[in-house]
Amino acid sequence: METNVKGILEALLFVADEPLTLKQFVQITGFDTELIEKNLKELAEEYQKGNRGIQLREVADGYRFFTHPAYAPFVEELVLSADYRKLSQASLETLATIVYRQPITRARIGAIRGVNSTGAIASLQEKGLVKEVGRERGPGQPILYGTTKTFLENFGLKNIKELPPLKDFALDEETIDQLQLRLMAEPVEKAKKESKE
Amino acid sequence: METNVKGILEALLFVADEPLTLKQFVQITGFDTELIEKNLKELAEEYQKGNRGIQLREVADGYRFFTHPAYAPFVEELVLSADYRKLSQASLETLATIVYRQPITRARIGAIRGVNSTGAIASLQEKGLVKEVGRERGPGQPILYGTTKTFLENFGLKNIKELPPLKDFALDEETIDQLQLRLMAEPVEKAKKESKE
Amino acid sequence: MPYQVRIEVFEGPFDLLLNLITKQKLDIYDIPIAKITEQYLSYIEQIEIVDLETASGFLLVASTLVEIKSANLLPEKRDDLEEDEIPPEQARQNLIARLVEYKKFKNASLSLAARLESESRYYKREVGLEEKFLKLLPDFLKDVSIDDLAKLMVKFLTKENAFVVDTSHVIPKPISLKEIFSVAINKLKQKKNQSFRELTINCKNKAEIIAYFLAILELFKNDFLKLSQAETFGEIEMEFCEFSEHEVMEEVYGN
């Protein structure tokens, strides 16, 4: 039987237990990067068009097969539900500060959230979503936290740059004005008038 | 998107860690046996005709995906490329802890070893020596780890009850006393947990 | 074990304040902050916070609110501000800036949650290798016997710090700082130049080492000791300056 590039890639993707990078494909097959990339793209398209049970996706700087999300209810009959991936609000907030401010210390996470985040950090570490990435210079040399490859994989991201920039989540002028007004130490009428002057 | 029978079967076969029987397919999907059989046959043919990297085969106890034998040399290359020559000390310690305390959470492994054991657990999983065996009840539902059949077979053990008792390995009187204390203390802890359930 | 601080539905002082602000109806004759402060205070009275850091976060925001609120009760301009006191208007702007910053991350967290939700429907294959490939793997257990693993386990279980059994019912033995202090001084008098490691070499547990460390810091603070450390995590070298034990105790403990 004639071996074909796509078949080889497919077999490798099937057995791999983590996303495979282009570099790994090159090392294992000896084909050049362009050929591999072209075939991966075609493979992904074929699976997608056919409404197949398996989908090829690019995550965490590599390629990996996943089941099609439409069939999740059936898959969950067979394997442990992904419910455990759910995160509490505290964990999500903490994760967001780490995602957008990494590398960041525990103290700065706490300062942004206004609340001690030690427990949330520990829980994110336990889930493999964040890790210690180093230590800050200076007094106490606090631990710096950052996100992991597992984070990218679980959130379906090729890399961290795929996320919308933080400024997209900033409050608009109007909302900030509302905040201003509601924290006024004088009647609103007067405040409004003054701000117009 | 319209779900299709073939897609569902494909997704199920992809995640299953043992051959799936017709009966299982019926139970999970609610489709009738004939429909499932027809689609499985078509799926197998499609994979075969395309010289695909994956093959659907009917084995003694059901249906299962395999890599295409023609691509085995590449798969072997992938398996060998992973850096697993020898177990590190960290891996050995983690393995010992899991062997004797299974099912056990990541956090408790860390507590026993005194260091974070996440990396070591992942490496042992990759090597097929330990696996996730369930989830603990309670907050966060942490994953429980245990040893695999491969591990037991490696040491010619039928089940974990055949493990050598720890007290045989205490070196001196003092160690024996300490060990006794701890081995005694543990069933209490376990009993407590059970009574809560 | 971190405290599980669940402040009802709120994830902290900023979250609570933002929530109260959003609910607040604006009546142009009202002083808005008065109502918000009142609600905020009554809320934090109800909640039970076991974590000191969290508590201080809530209190800091509360005191800022009270300060801003009281500003309009006072004469227009205050020129009696303490040096490190922040004028109310500045405090208000600081608070708003922090709220705005926090809300940005909170919004980002909602977007992450949505992403996680849709991602949770993708499953990856978590199945080991096919049997024929398993054989390929080097036998990493070649030189390992099951007895080796048992021995390792015994080592852990008999190690000092590996006590994983619940000991919360056991009353910890208090370590007298004063006692340690006195011992430390005697040791330092006998050998004026030594490292912290040397000093604590016979310590039975972490608590004792910590007690020594506190003693050292106290001595350093009172100029009885010079400390140096050549590199991060390196040896802490100490040089004791000659005084009588009595003098030292008197200086530090006042007796």
Side-chain angles (χ1 to χ4, degrees), chain A residues 1-18 20 24-25 27-31 43 46-48 50-55 65-81 83-84 86-88 91 119 122-123 125-128 131-132 148 150, chain B residues 1-17 20 24-25 27-30 43 46-47 50-55 65-82 105-107 110 116 118-119 121-122 125-126 132 134-135 139-143:
Chain A
M1 195 206 71
E2 197 203 333
T3 60
N4 61 59
V5 183
K6 229 175 276 174
I8 296 171
L9 301 181
E10 208 175 18
L12 291 175
L13 287 162
F14 181 72
V15 290
D17 57 3
E18 56 175 5
L20 288 174
Q24 280 174 297
F25 281 120
Q27 271 171 0
I28 293 166
T29 63
F31 302 135
L43 202 56
E46 282 170 28
Y47 273 100
Q48 199 172 2
N51 269 349
R52 305 283 300 274
I54 309 171
Q55 300 283 297
F65 275 140
F66 291 86
T67 58
H68 194 299
Y71 308 127
F74 298 101
V75 172
E76 279 157 20
E77 294 280 321
L78 202 59
V79 299
L80 213 59
S81 145
D83 270 359
Y84 67 86
K86 287 215 175 88
L87 296 173
S88 68
S91 293
S123 141
Q125 268 188 295
E126 152 94 3
K127 293 191 164 70
K131 62 175 179 188
E132 301 180 6
T148 61
T150 307
Chain B
M1 197 208 66
E2 197 202 331
T3 59
N4 60 58
V5 184
K6 227 176 280 175
I8 295 172
L9 301 182
E10 205 176 18
L12 291 174
L13 286 162
F14 178 72
V15 292
D17 58 0
L20 290 173
Q24 279 176 296
F25 281 120
Q27 271 173 357
I28 294 170
T29 64
L43 202 56
E46 280 170 29
Y47 271 100
N51 269 346
R52 305 286 298 274
I54 311 170
Q55 300 278 287
F65 273 141
F66 290 89
T67 53
H68 194 300
Y71 308 123
F74 296 99
V75 174
E76 286 168 14
E77 194 69 32
L78 172 69
V79 173
L80 290 173
S81 74
T105 64
R106 188 192 308 252
N116 182 338
T118 309
I121 297 169
Q125 270 187 292
E126 215 170 89
E132 299 181 6
R135 288 190 174 266
Q141 302 199 300
I143 297 164

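The chains referred to below are lettered A, B, ... by the order of the sequence lines, with proteins before strands, and numbering in each begins at 1.
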Is chain A contacted by the side chain of [X], its backbone, both, or neither, given a heavy-atom distance below 4.5 Å?
X	value
B:Tyr47	side chain
B:Pro142	both
B:Phe66	backbone

Practice problem: Go through the structure and list residues passing side-chain contact (heavy atoms from CB on, under 4.5 Å) with A:Ser123, not counting sequence neighbours. | Solution: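 With neighbours one apart ignored, the set is A:Ser91, A:Lys127.
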Exercise. Output all residues satisfying side-chain contact (heavy atoms from CB on, under 4.5 Å) with B:Gln24, sequence neighbours left out; order by chain, then residue number.
Key: B:Leu20, B:Thr21
Exercise. Go through B:Leu13, B:Thr67, B:Leu9 and name the one with the most non-hydrogen pairs under 4.5 angstrom from chain A.
Key: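 Answer, by heavy-atom pair count under 4.5 Å with chain A: B:Thr67.
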Quiz item: Picking from B:Thr29, B:Ile54, B:Leu43, B:Val75, which has the most non-hydrogen pairs under 4.5 angstrom with chain A?
Solution: B:Ile54
Quiz item: Minimum heavy-atom separation for A:Ala11 to B:Gly53, with atom names?
Solution: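 It is CB-O, 3.6 Å.
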Exercise. Write down the atom of A:Leu12, the atom of B:Phe74, and the distance for their closest heavy-atom approach.
Key: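 What the structure gives for the nearest pair is CD2-O, 3.5 Å.
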Self-check item: A:Asn4 side chain reached by B:Tyr71 side chain, heavy atoms, under 4.5 Å
Solution: yes
Quiz prompt | Close side-chain approach of B:Phe14 and A:Phe14, heavy atoms under 4.5 Å | solution = yes
Quiz item: Between A:Ala16 and chain B, which part of the residue has a heavy atom less than 4.5 Å away: side chain, backbone, both or neither?
Solution: both
Quiz item: Should the heavy atoms of other residues, nucleotides or ligands under 6.0 Å from CD of A:Glu132 be counted, would the total exceed 12?
Solution: yes
